[in-house]
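Remember, it's a predicted structure, so these values are computed and weren't measured experimentally. Below, chains carry the letters A, B, ... as their sequence lines are ordered, and counting in each starts from 1.
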Amino acid sequence: MPEPVSNITVQMPRAKRAGLLLFFLGPAVAIYSLFSIYPLLATMALSTYTSDPSGARSFVGLANFETLLGDALWSKPFWNALRNNLIFFAVHMCVQNPIGIALAGLLSLPGVRLKGFYRTVMFLPTMLSVVIVGFSWNLILSPLWGVAAGALKAVGLGSLFAPWLGLESSALVTLSLISVWQFVGIPLMLIYAALLNIPEELIDAARVDGLGQFRIFFHIKLPLVLPTISLVSVLTFVANFNAFDLIYSVKGALAGPNFTTDILGTFFYRTFFGNQLQLGNPTMGAAVATVMFFIILLGLCLYLFLVQRRIRRYAF
Amino acid sequence: MANLRIEQLNKRYGATTVLNNVNLSIEDGEFVVLVGPSGCGKSTLLRMIAGLDGASGGDIHIAGKLVNALAPAERGIAMVFQSYALYPHMNVRKNMTFGLKFTGVPPTERERRVAEAARMLRLEELLERYPRDLSGGQRQRVAIGRAIVREPAVFLFDEPLSNLDAALRVSTRVEIANLHRLLKSTIVYVTHDQVEAMTLADRIVVMNKGRIEQVGKPLDLYYEPANLFVAGFIGSPAMNFFEAEVEGIEGGRARVAGTAFRNLDIPAGSLKVGDALTVGVRPEHLVRGEAGFFAAEGVVELVERLGEASFAYLRRVDGRMFVAEVRGRQTPAPGETMTLVAASPDVHVFDASGLRVAT
Amino acid sequence: MTTDQRARSIGVHLVLIAYSLLAVGPILLVVMNSFKVRSAIFGSPLALPDASTFSLVGYEKVFRSSHILTYYSNSLIVTLVSMALVLLFGAMAAWALTEYRFRGSTALALFLSIGIMVPIRLGSVAILNMMRSAGLNDTLTALILVYVAQGLPMSIFILSEFIQQIPKDLRDAARCDGVPETRIFFEVVAPLLRPAIATVAVFTIVPIWNDLWFPLILTSSDSTHTVTLGVQQFLGQYITDWNSVLAALSMAILPVVVIYVILSRQLIAGLTSGAVK
C-alpha cells in the first residue's frame, strides 16, 4: 500500500479524526475481521482440539497434526492429495501461463484486427462457474455422447480417444487441462494489459533498430512484463491450492477414480463433512485447513523472498 | 480583503527542512508573487497558508486572526490550482456553487455570485458545460471563477498558468492582472516563471531552499538584488558572474581585480584586502566599447539571434563563458574578440557570503 | 502490406480463431444441444437444432423438478447485495487508507491484504460454527457476510489504485471549498470511481456468482440455494437425463453470457486498466 497523501487529519482535533477514521474504516475492518480473519484464527485454534462422539472438545496440542502426517490412515490420503495438487499446479504453470502469454503476445501485435472480439471470446470461459464448465466438459468427453471421439475421428485421430476422465492414469491431467481451458483468460488479460502499458515508442525504437516482431517480443516485451508473469504465477498458485469446485462437481467428494484426482480442497471437504466412507471430523478438518494455510504461506514466502526480490520493475 | 502575516513559519518532513523561519507580511489588496526554483518551498508555503499542510512551527494570521488551527474552508481563502482541479462530474455552474453549499450561502446568493463571476470571466455561455468540453483557457477561467464566488479574503494561485500554451499564458496573465485591479483583493501567487512574477506582482518574494532570499518590488529586485541568488535568478539570460578579489584599499576606495575583467574601483566600506568577491553584470547591460567602469574581453563562440536582440556567448580569458546582448542587425561573428563595458549602476558586487556590496 | 506481412497476419488470425473456437466451442455445443430432442443430441451433436429436432423438453423438466427461479433470485440477491457492500465499504476503506495519514495505517493495510492471498475458505470450519451459533445458518445473510469479507481485501487494493489516480488537487480544492471530508468522499471521489466497478466486478463479484463452496456448506435447503449449487445438485440427480442436464447447464450459462457480452467492453477495459499490478 502506498503512503497516505494528505495531512489533513494531522491538523484535526483528535476526536474528529478518530470519528472520521472509524466511519470510513469501521465497516470494512469489522466485517473482514469477523468473517475472514477470526474464522481463520478460530480454525487454527480448533485444529488443536479433538472432539469425542458426544461433541465435547478437549485440547490435544499438535496431536491432530501428528495423526495427519504420521498415521497412515490419514497421511496416505494427505500426501496423495498434496502430490496431486502439485501436479495440478504444474499443469497450470506449464500450459495455462505459456498459452496466456502467447495469446497476449499475438493480441498485442500492431495492426491485428478484431482484437476486441478475440478478447471477449477468449475470456468468456473464465466468467463461467467452475461447476458448469466441469460438467460440460464431463459430457463432452463422455464416451456416451461421443462428441470428443467424433471430433478426433474427424481429424483422423480417432484411435487416440479414451475416456480420459474415467482413467486413473489420465483423470487428474484431464481435469487440470479443463481448469486451464477455463482460466487461461486471467494470464491472458493481465499480461495483455501489461503489454499495452509498454510505450509505443519503445517498440518503434526497437523496430528502427531492426528487430522483427518475434525478437521484439522475446527481447523487449517479455522482460518488461516479467513482474506481471510472476504475479500471475502467484495468483495461479493460491487458486490451485484452494481449488475444489471442479473436482467436486465432476468427480464428487471421493475424487475418483480411486482418489487419483483428490486434491487438498476435496480432502479438506471430506475430512470436515464426511462422506459415504467416513464421518465428518471438524477438528481434523481444521487441522487440514491449517496445513493448507501454511502451504500457501510457504509458497507466498518463497515467492516474496526468492522471486519478487530478483525481479526488476521498470518505470516507463 | 485582508492582510496576511506569517511569523517564524517552519516546515520539516523528518530530517528535511522545507521551510526555514519564514517571515512575511502582506498588505491588504497586495499582489504578492512567490517565486523560486522548484523545491524552494514556495508551493508548500502556499499550501500552508491554505491550511492544506500543517506547520511544524510558527504562526499564520489572516485578517488579524490566527488561523493555525483552522480548516482550509474557515480561513477565508480560495485557491486556484495548477491542474485547475475542476470536478469532472459537475458542470461549470455546479463546480462554482458546490463549495458554497457547505458554507451556508443561500441559493439566491449563490446564483447571484455565479452570474457575476461568469460575467466578469466571460463564462456565461459555458455554465452548463462539463470540464471535459472546455479548452485549457476556459478551464482556467472556471477555476478562477470558482475562487471568486467564494469571496475570499485572500486568493491563492498555485502556478495557474503553467498548463497553458505560450500565447494563452500571456493573455491569461493580463486577465489576472485586470481581475486584481477590479477586485482589489489580496493575492498570493506562486510561480517558477520570473516573467509572470515581474509582470504581475506588486511585490515579489524570492525563495530558495526554504528561505526567503529577498522581498521587494519587481524592478528593485532587478536593479538591486540583495544577494547572489536573487541576482542570478531574476533576469534572463542570467547575470554574468566574475570571480574577483580586493587587491588594495586606498582613500576609502577598494581596488577590485579579477582575471577576466579590468580592475574596478568601488567604495571600500568594510572590505579588507584579500576579500573574495563576485562581480555581476547582466548581459543586457554590456555594450561594445573600449573603456568603462567595468570592462571585460572575450572571444565570440556562438550567437543566438532572437530578432529584437541577439545574445553573444563569449569565452573569457579564464576559460569560462559570459553572455552579452547585442542590439541591431549587425551581429558579431564567431571568433571575433570583443570588449564589453558596463556603467557603474549596472555593476553588482557581492561579498564572499553572497551579499550585495555597495558600488 | 507485403506478401510476407500478409502471410504472417493470416497466420496470427488462424491461431487466434482456432483458440477462440476452442474457447467457445464447448459452451456453444452445450447450449445448442439443450434445444434438441434426445435422439438428435446423440445422433448429430454438432448440428444446429432445426424444426424436426427442436425441443424444450429439458427446460420443462428443469422448471418442473427444480426451484430454478428461486436459485436465480437467490444468486441475484446475494451477488448484488454483496457487490454493493464490497464496493461501498471497500471504497470507503481504500479512501481512508490512501488519503489519511494516521498511526497504524501501514499495519492496517497489511492486515487487510492478508485476505488477498489467504483464501477465506480455510476458515470454513469456524465460519460454519459461527453462523450456526448466530442462527444465520442456511440464510442468504450468512452468504453475503462471508462474500463481503472475502471480496473486501481485493476491492480495497483495486480501489486504492484508482483513488490514487484521482488528482490530489481535486480533494484539496474541495477542502478549500469547505466541503466536509465525508462529502468529499461521497460527492467528489466516489462518482469518479465508476470505471473501477468493472475491475472490482471481475475480481470479486464474478467469483461470488460462481461460487459453489459456501452455498454448499452454509445452505441446506432449496429456498437458499444459489444457481451454481442448485444446478450442481440437479445435475447429480438427473445425471442420465441428457435433455435436463444440458438445459440446466444452459440455464446457468446463458444469463452470465448475456450479461458478459453486454458489459464485456467495460469489464475488459477494467481488467486491462492496469489497476492490478
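- Heavy-atom distances place no part of A:V288 under 4.5 Å from chain C, backbone and side chain included.
- Annotation: side chain of A:F135 is not in contact with side chain of C:V30 (no heavy-atom distance under 4.5 Å).
- The part of C:W242 that comes within reach of chain A is its side chain, from C-beta onward, which places non-hydrogen atoms under 4.5 angstrom from that chain.
- Contacts of C:T182 with chain A are made by both backbone and side-chain atoms, with heavy-atom separations under 4.5 Å.
- In this structure, CG on C:L122 lies 8.5 Å from OG1 on A:T290, to the nearest 0.5 angstrom.
- Considering only heavy atoms from C-beta on, C:Y19 stays 4.5 Å or farther from A:L106 through its side chain.
- Atom CD1 of C:I27 sits about 4.0 Å away from atom CG of A:L124, to the nearest 0.5 Å.
- By the 4.5 Å heavy-atom criterion applied to side chains, A:F35 and C:I127 are not counted as neighbours.
- With a 4.5 Å cut-off on non-hydrogen atoms, C:Q232 touches chain A through its backbone and its side chain both.
- Interface summary for chain A: among C:V148, C:I217, C:V261, the most heavy-atom pairs under 4.5 angstrom belong to C:I217.
- Remark: aromatic rings of C:W213 and A:F268 are close, center separation under 6.0 Å.
- At least one side-chain heavy atom of A:W181 sits under 4.5 Å from a side-chain heavy atom of C:P26.
- Contacts between C:L216 and chain A at a heavy-atom distance below 4.5 Å involve the side chain alone, from C-beta outward.
- Side-chain contact between A:P39 and C:M130 is present, with at least one heavy-atom pair separated by less than 4.5 Å.
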Residues C:M92, A:F23; criterion side-chain contact (heavy atoms from CB on, under 4.5 Å); working and verdict: CA-CA 8 Å; C:M92 283 164 66; A:F23 172 77; 4.0 Å; yes
Candidate pair C:F102 and A:L20, rule side-chain contact (heavy atoms from CB on, under 4.5 Å), full reasoning: CA-CA 11 Å; C:F102 59 95; A:L20 200 61; over 6 Å; no
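- A distance-only check finds no donor-acceptor pair linking the side chain of C:Y100 to the backbone of A:R17 [under 3.5 Å].
- In this structure, the separation between CG on C:L229 and OG on A:S249 is 11.5 Å, given to the nearest 0.5 Å.
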Evaluation steps, side-chain contact (heavy atoms from CB on, under 4.5 Å), between A:L40 and C:I120: CA-CA 7 Å; A:L40 273 176; C:I120 188 172; over 6 Å; no
Trace of the side-chain contact (heavy atoms from CB on, under 4.5 Å) decision for A:D245 with C:T228: CA-CA 10 Å; A:D245 299 21; C:T228 305; 5.8 Å; no
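- The structure places CG of A:L300 at 11.0 Å from CD1 of C:I114, a figure rounded to the nearest 0.5 Å.
- With a 4.5 angstrom heavy-atom cutoff, A:L109 touches chain C only via side-chain atoms.
- Looking at A:T271, neither its backbone nor its side chain comes within 4.5 Å of chain C, counting heavy atoms on both sides.
- Contact of C:N129 with chain A is made through the side chain alone, with heavy-atom distances under 4.5 Å.
- Considering only heavy atoms from C-beta on, A:V130 stays 4.5 Å or farther from C:L212 through its side chain.
- Contact of A:V133 with chain C is not made at all, since no heavy-atom distance falls under 4.5 Å.
- A distance of 6.0 Å or more separates the ring centres of A:Y32 and C:F89.
- Only the side chain of C:L152 comes within contact range of chain A, judged by heavy atoms closer than 4.5 Å.
- Heavy atoms of C:L22 lying under 4.5 Å from chain A belong to its backbone as well as its side chain.
- Heavy-atom distances place both the backbone and the side chain of A:L139 under 4.5 Å from chain C.
- Interface residue A:L21: only side-chain heavy atoms are found under 4.5 Å from chain C.
- Rounded to the nearest 0.5 angstrom, A:F273 CZ and C:S124 OG are separated by 7.5 Å.
- Taking chain A as the reference chain and counting heavy-atom pairs below 4.5 Å, the highest number among C:V257, C:I41, C:L88 is found for C:I41.
- Atom CD1 in A:I132 sits 6.0 Å away from atom CG in C:L235 (nearest 0.5 Å).
- When the candidates C:V227, C:L145, C:V86, C:V206 are compared by the number of heavy-atom contacts under 4.5 Å with chain A, C:L145 comes out ahead.
- Within the 4.5 angstrom heavy-atom criterion, no atom of C:L21 approaches chain A.
- At a 4.5 Å heavy-atom cutoff, the contact between C:V245 and chain A is made by side-chain atoms alone.
- For C:F186, the part lying near chain A is the side chain, with the backbone staying farther off; criterion is any non-hydrogen pair under 4.5 Å.
- Contact annotation for C:I17: both backbone and side-chain heavy atoms come within less than 4.5 Å of a heavy atom of chain A.
- Contact annotation for C:L16: both backbone and side-chain heavy atoms come within less than 4.5 Å of a heavy atom of chain A.
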